[in-house]
Amino acid sequence: MKASYLGACYLALFSSVLCAEVTIIGTDIPGLHQQDGKGVYDVIVNQTLVSKGLGALKVLPPARAEAEFKSCQNCCFSPANKNPEFYDFGGDVSVSEPMNVAKVYIFSAPGKRPFTSYADLKGKKVGVRRGMIYGNSFDAANLKASEANSLEQNIKKLETGRIDAMVAYVPDAYLALSGMGKGEFPHTKDQPTAIHNDALVCRGVPAGFLDQFNQNLKALSSSGKLNSILGDSYVAP
């Protein structure tokens, strides 16, 4: 059996060499990655990597997280993928199996009709979260974006008519609405504007690092623990 990255770590530990040098940069998304480490992706990363001495997790605001990953030489970015609709990391990165899926939707205020495309939003004020990436299709629409620091702020602005629509990811939006004691706002569930695989994208990590993550993630899934961890954050592909 060929030596795995985990085996190499054990050898390193015996020689008093630190092995948890890969930083996983998590984007601060309430319910998924959080500063308190209680987001579902925090739990997954901790169980598959951190608790095994394979990495360290650092959660940062969206724009700062992306900027730090672009300049690092030995780290991972979460949640992310290599879909050119969302990212252009270059050819020196690798991607893991997805932990979950996220979908981008356009939300209307309660009682209003749902919007089906970005073309419907021309001339309207659209709420977005500061620093979040919604895809090239959103950028190309050149909409009148109104930035807020949180989904909760945008939900309140949508309810009071300060914005005409809100672009947001699911499960993030569902979690925010539920946390505020609100039901779902109008949106076309069968027509997301984009689908985002929530995986790890890594640069400069040791050989076998992502293989080890994928193996540990598969074990979580096979045992039923992955779905248990995700809970209401689970999104069907």
Side-chain angles (χ1 to χ4, degrees), residues 24-51 57 59-62 65 77-81 83 86 96-111 114-115 127-135 148-159 165-200 213-214 216-237:
I24 298 91
I25 302 168
T27 300
D28 189 347
I29 304 171
L32 303 182
H33 280 303
Q34 301 179 171
Q35 294 288 344
D36 63 6
K38 294 182 179 179
V40 294
Y41 295 169
D42 299 323
V43 175
I44 293 169
V45 169
N46 275 305
Q47 291 196 17
T48 55
L49 295 172
V50 178
S51 67
L57 177 62
V59 178
L60 299 172
F77 186 37
S78 172
N81 53 62
N83 184 345
F86 295 98
S96 74
E97 293 296 320
M99 299 176 284
N100 194 19
V101 171
K103 297 180 180 181
V104 183
Y105 287 104
I106 305 167
F107 291 87
S108 303
F115 297 102
V128 297
R129 185 182 172 203
R130 184 171 286 107
M132 289 294 284
I133 299 168
Y134 298 101
N149 290 324
S150 70
L151 271 170
E152 288 80 4
Q153 289 179 6
N154 271 331
I155 289 168
K156 292 176 182 177
K157 288 166 70 175
L158 188 55
E159 285 184 308
M166 175 181 77
V167 174
Y169 282 92
V170 162
D172 318 10
Y174 292 166
L175 295 173
L177 286 165
S178 176
M180 297 172 74
K182 302 179 185 296
E184 291 183 8
F185 282 14
H187 64 292
T188 53
K189 278 194 173 182
D190 59 341
Q191 296 181 57
T193 61
I195 297 176
H196 183 284
N197 282 336
D198 285 359
L200 304 186
F213 172 77
N214 289 337
N216 294 340
L217 185 65
K218 184 178 180 180
L220 275 184
S221 179
S222 298
S223 69
K225 291 181 180 178
L226 182 60
N227 281 349
S228 178
I229 292 168
L230 289 172
D232 291 341
S233 297
Y234 172 76
V235 177

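Quick caveat: nothing in here was measured; it's all calculated off a predicted structure.
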Student: Side chains of Tyr134 and Thr193, heavy atoms from C-beta outward: is any pair under 4.5 Å?
Tutor: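 Tyr134 does not reach Thr193 side chain to side chain.
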
Student: Minimum heavy-atom separation for Leu175 and Ser233, please, with both atom names.
Tutor: CD1-OG, 3.5 Å

Student: If you round to the nearest 0.5 Å, how far is CG of Asp172 from CG of Leu151?
Tutor: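 Reported value, rounded in 0.5 Å steps: 6.0 Å.
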
Student: Is Asn216 close to Gln47 at the side-chain level, that is, under 4.5 Å between some pair of heavy atoms?
Tutor: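 A side-chain contact is absent here, since even the closest heavy-atom pair is not under 4.5 Å.
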
Student: Report yes if the side chains of Leu230 and Ile44 come closer than 4.5 Å at any heavy-atom pair, otherwise no.
Tutor: yes

Student: Find the distance between NZ (Lys156) and CE (Met166) and round it off to the nearest 0.5 Å.
Tutor: 13.0 Å

Student: Would you check if Met132 and Val167 make a side-chain contact, meaning some heavy-atom pair closer than 4.5 Å?
Tutor: no

Student: Examine distances only and state if a side-chain atom of Glu152 and a backbone atom of Ala176 form a donor-acceptor pair shorter than 3.5 Å.
Tutor: no

Student: Taking all heavy atoms of Val128 and all of Asn154, pick out the closest pair and write down the distance.
Tutor: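 Smallest interatomic distance, heavy atoms only, reads O-ND2, 2.9 Å.
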
Student: Taking all heavy atoms of Ile229 and all of Val40, pick out the closest pair and write down the distance.
Tutor: O-CG1, 3.2 Å

Student: Can you give me the closest heavy-atom contact between Lys157 and Ala148, atom names plus distance?
Tutor: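 Heavy-atom minimum between the residues: NZ-CB, 4.4 Å.
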
Student: Could you walk me through whether Tyr169 and Arg129 pass side-chain contact (heavy atoms from CB on, under 4.5 Å), step by step?
Tutor: CA-CA 10 Å; Tyr169 282 92; Arg129 185 182 172 203; over 6 Å; no

Student: Report yes or no: does Tyr105 contribute a side-chain atom to a donor-acceptor pair with the main-chain N or O of Lys189 at less than 3.5 Å?
Tutor: yes

Student: With rounding to the nearest 0.5 angstrom, report the NZ to CD1 distance, Lys182 to Ile155.
Tutor: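 Lys182 NZ to Ile155 CD1: 8.0 Å, rounded to 0.5 Å.
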
Student: Before you tell me yes or no, could you show the steps for Thr27 and Phe77 under side-chain contact (heavy atoms from CB on, under 4.5 Å), namely the whole-Å CA-CA distance, both residues' side-chain angles and the distance that decides it to 0.1 Å?
Tutor: CA-CA 8 Å; Thr27 300; Phe77 186 37; 3.3 Å; yes

Student: According to the salt bridge (charged side-chain N to carboxylate O under 4.0 Å, His left out) rule, which pairs have a member within residues 217-237, sequence neighbours left out?
Tutor: none

Student: How long is the straight-line distance from CG of Asn46 back to NZ of Lys38, given to the nearest 0.5 Å?
Tutor: 12.5 Å

Student: Kindly compute the distance separating CZ (Phe185) from CG (Leu158), expressed to the nearest 0.5 Å.
Tutor: 6.0 Å

Student: For the residue pair Asn149 and Gln153, what are the closest heavy atoms and their distance?
Tutor: N-OE1, 3.0 Å

Student: Treating Lys103 as the side-chain partner and Asp190 as the backbone partner, does any N or O pair qualify as donor plus acceptor under 3.5 Å?
Tutor: no

Student: Can you name the nearest heavy-atom pair linking Ser78 to Met99, along with the distance?
Tutor: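 Where Ser78 meets Met99 most closely, the heavy atoms are OG-CE, 3.4 Å.
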
Student: Taking the side chain as every heavy atom from C-beta outward, state whether Leu60 and Ile25 have any atom pair closer than 4.5 Å.
Tutor: yes

Student: Could you tell me the separation between the OH atom of Tyr41 and the CG atom of Leu32, rounded to the nearest 0.5 Å?
Tutor: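 Answer for the OH-CG pair, Tyr41 versus Leu32, is 5.0 Å.
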
Student: Check whether any side-chain heavy atom of Pro79 sits under 4.5 Å from a side-chain heavy atom of Asn100, and report yes or no.
Tutor: no

Student: Report yes if the side chains of Pro186 and Phe107 come closer than 4.5 Å at any heavy-atom pair, otherwise no.
Tutor: no

Student: May I ask you to test the His196-Asn81 pair for a side-chain heavy-atom distance under 4.5 Å?
Tutor: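 They are in side-chain contact.
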
Student: Before giving the answer on side-chain contact (heavy atoms from CB on, under 4.5 Å), spell out for Asp42 and Leu57 the whole-Å C-alpha distance, their side-chain angles and the decisive distance to 0.1 Å.
Tutor: CA-CA 8 Å; Asp42 299 323; Leu57 177 62; 3.3 Å; yes

Student: Ignoring hydrogens and geometry, is there a side-chain-to-backbone donor-acceptor pair from Ser221 to Leu217 under 3.5 Å?
Tutor: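 No, because the side chain of Ser221 does not come within donor-acceptor range (under 3.5 Å) of the backbone of Leu217.
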
